[in-house]
Amino acid sequence: MNASPTPAIRLPGFAMTLIDALEAEGHEAWCVGGYVRDALLGRPCNDVDIATDALWPEVKRICAARGMRVYETGAKHGTVTVVVPSAADAHHEAEHAVEVTTFRCDGSYQDARHPQQVQFVSTIEEDLARRDFTMNALAYHPQRGLVDPFGGIDDLQAGIIRVVGEAEKRFSEDALRTLRACRFCSQLGFRIDEDTYRAMLAHKSLLAKVSTERITHELDALLLGAHVRDALMATVDVLSFVLPELAAMKGCAQMTKYHVYDVLEHTAYAVENMPPTRLGRWAALCHDMGKPAAAFFDEGGVEHFYGHAKVSEALAGALMDRLLMSGAFKHQVMKLVRHHDDEIRLDNRAIRRMLMRLDGDPVLFRTLCDLKRADALAQAPAFGRGRVGKVEKLRRMLDALLEAEEVPSMRALAVSGHDIMGLGVEQGPAVGRILAALLSAVVDEQVKNAREPLLELARTMI
Ligand code: ATP
Ligand code: MG
């Protein structure tokens, strides 16, 4: 074993507990993968993976004998999940789940994703050779130090994502690795090695075989990354296989005085300008998706995108379905995209009206403010600055309004469905329509939110 001098990596107590337990019984155990990478980068990470030469039933026996719970989460591939209880944890933190995997190399792959069978091997170096990128093919042991057979430390220092071994082979084995590379690019701000990227492009079509859940999981992480703008720009030709909407955005120039970027670059900036929430980032990604379809040039050669928000909303909805997002999440993304470009007058009536359109949800409204700001900051500075100022005023007015009065919502309405039926309206959609019209009248200050005036107005609607 070729371990280099120990750099300052601190393993959490629960990881030490496990390594000590395995080694006390004559086995070898290492901390591997993401934890080592992130520790060397000084990034926070709690997700610990352990590699060991012990076969999984032996891992199970050793851990169970010490009072740890063991789950056979991937026993077929040599992986068990061990829950280290807080009592065994030097830091007395909560329980920690740790994946412990037997040293292995992967046999031939089926369906561009899963190894047909795995082979257990006896050395950590052989195990590291099956891992995806050099920066992830590092092992660390508190006494024996680092094992770095593929130049992972150099690549970490240079900020390069480079595949372990032959790029073509590694991406054809497992197509998810292409998306992992894009995601790491966004999380770490690294660039992808040229040969590695060429192979990613050549094998992107294999992503068709990867499960939607895994794709969505990687895209979520990519969008939440601190370097998402650069990642989107650098990897768009790979990403477009799962997000074909991006292909039309690339090179879709915006020949207006408001813009200095094409739709893709504008979008990439807007995503990064957005606070890192899943909802906000997806809404920003989708907000201008309809622009390529809505674009036209007038006789003066000026480009317009009338109605693009509606097309973007439709594309966002279809995309959310395709990626198997929940109905509630899809609904919120669509609302934000639909209204991202709406002019909201700076008066309480207009703000109440928008709040109503946003399901009376103040959080959604604040996210809309974030989106408007992120969008404005991604425009030509001369125009963006003024718009940012307006959004901040809007946000302050919204806060003041929410402080001063109850959010107008169906629930806060002074009459209920029962009251409407009491007026002789039959149970059914008509009741909902009347309630919505009453709410709208309250929001517009045409009627007070009080029982008698509302019932009087309702009578005129029957
Ligand atoms: P993070 O936990 O931040 O997502 P990670 O690198 O730890 O990043 P995991 O999915 O936790 O990713 O995997 C742990 C390790 O297993 C990786 O660091 C890598 O060594 C290896 N690995 C994970 N997925 C693959 C894959 N698809 N192909 C090859 N090796 C992989
Ligand atoms: Mg991990």
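In each ligand, atom 1 is the first atom listed, and ligand 1 is the first ligand listed. Any value given below was found using the heavy atoms of this structure, including those in side chains, with hydrogens, waters and symmetry copies removed.
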Suppose I only count heavy atoms of [X] and a 4.0 Å limit; which atoms of ligand 1 are within that range?
X: Phe184; answer: 6 (O), 8 (O)
X: Arg177; answer: 26 (C), 27 (N), 28 (N), 29 (C)
X: Asp49; answer: 11 (O), 14 (C)
X: Asp174; answer: 26 (C), 27 (N), 28 (N)
X: Gly34; answer: 5 (P), 6 (O), 7 (O), 18 (O)
X: Gly33; answer: 18 (O)

Kindly confirm or rule out a cation-pi arrangement of Lys204 over Phe241, judged by NZ or CZ under 6.0 Å from the six-membered ring centre and within 45° of its axis? no
Record the part of His114 in heavy-atom contact with ligand 1 below 4.0 Å; permitted values are side chain, backbone, both and neither. neither
Checking heavy atoms under 4.0 Å, the part of Asp132 that sits near ligand 1 is both
Angle between ring planes, Phe14 versus His96, binned at 30° and 60°: parallel, tilted or perpendicular? parallel
In terms of relative ring orientation, are His287 and His340 parallel, tilted or perpendicular, with 30° and 60° separating the classes? perpendicular
Could you tell me if any non-hydrogen atom of [X] lies under 4.0 Å from any atom of ligand 1?
X: Arg180; value: yes
X: Glu173; value: no
X: Gln187; value: no
X: Glu99; value: no
X: Leu176; value: no
X: Tyr35; value: no

Do the charged groups of Asp341 and Lys372 touch, with an N to O distance under 4.0 Å? no
What closest approach, in Å, do Ala378 and His266 show between heavy atoms, and which atom pair accounts for it? O-ND1, 3.1 Å
Protein contact to [atom] [nearest heavy atom, distance to 0.1 Å]:
atom: atom 11 (O) of ligand 1; answer: Asp47 OD2, 3.7 Å
atom: atom 8 (O) of ligand 1; answer: Arg37 NH2, 3.4 Å
atom: atom 1 (P) of ligand 1; answer: Arg183 NH1, 3.7 Å

The Mg ion (ligand 2) to nearest N/O/S of Asp47 below 2.8 Å: yes
Who's closest to atom 15 (C) of ligand 1 heavy-atom-wise, of Glu218, Met135, Arg131? Arg131
